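From a predicted model like this one, the values you see are computed outputs, not experimental measurements.
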Amino acid sequence: MSESATPIDEASARMLMTMLESAAQDVRSWLAARHRGSSGGGEVTAEVGPTGVLTGLTIQEQARRRLDASTLGNRVVAAVRAAEAAERAAYAQRFPGRLR
């Protein structure tokens with residue numbers, strides 16, 4: 001069986017193009033987004049991209065001097081997890097009902 005395409009009127013085509021352009025802009029904006037989380041009163045700050053990939057990590061100098069390696073490591077993990085949680089929350093708000 002062969003199906004033929006249904007013609008679309010010009011106004012509908014323009015509306016569809018506008019919707020597609022808006023969706024493309026939303027995707028570009030989302031891909032450029034960065035989300036932050038911190039731990040230890042801001043001693044460690046992590047930044048993740050839209051897929052949860054770590055894109056930045058800042059450790060304040062006094063934290064590097066004052067904290068032992070284990071505590072500092074725990075703060076880094078907590079900051080990364082906070083940034084990932086911020087990314088997930090932003091995704092859920094921006095794309096409600098969409099699963100990954």
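- The neighbour count for Q25 CD, taken as heavy atoms of other residues, nucleotides or ligands under 6.0 Å away, is above 12.
- Nearest heavy atom pair, residue A33 against residue P50, reads O-CD, 3.6 Å.
- For the atom pair I8 CD1 and L16 CG, the distance stands at 5.5 Å (nearest 0.5 Å).
- Residues passing the side-chain contact (heavy atoms from CB on, under 4.5 Å) test with S39 are V44, R75, A78, A79, sequence neighbours excluded.
- E84 is linked by a side-chain contact (heavy atoms from CB on, under 4.5 Å) to V48, V80, R81, R88, counting only residues two or more places apart in sequence or in another chain.
- Contacts classified as ring-ring contact (aromatic ring centres under 6.0 Å, His included) and involving residues 39-84 (residues at least two apart or in different chains) are not found.
- Taken to the nearest 0.5 Å, the CD atom of E47 stands 6.5 Å off from the CZ atom of R34.
- Listed here is the closest heavy atom pair of I59 and A63: CG2-CB, 4.2 Å.
- Between the CG atom of L57 and the CZ atom of R36 there is a distance of 12.0 Å, given to the nearest 0.5 Å.
- Under the side-chain contact (heavy atoms from CB on, under 4.5 Å) criterion, A90 pairs with W30, H35, sequence neighbours left out.
- A side-chain donor from one of S12 and D9 sits under 3.5 Å from a side-chain acceptor of the other.
- S22 places no side-chain N or O within donor-acceptor distance of the main-chain N or O of T18, the cut-off being under 3.5 Å.
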Exercise for review: Show the numbers, then the answer: is there a side-chain hydrogen bond (donor to acceptor under 3.5 Å, both in side chains) between D26 and S29?
Suggested key: CA-CA 5 Å; D26 281 349; S29 174; over 6 Å; no
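- The ring-ring contact (aromatic ring centres under 6.0 Å, His included) pairs that include a residue from residues 50-86 number zero, where partners must be two or more places apart or lie in different chains.
- Heavy atoms from other residues, nucleotides or ligands lying under 6.0 Å from CD of Q62 number more than 12.
- Considering only residues two or more places apart in sequence or on other chains, E21 meets the side-chain contact (heavy atoms from CB on, under 4.5 Å) condition with M17.
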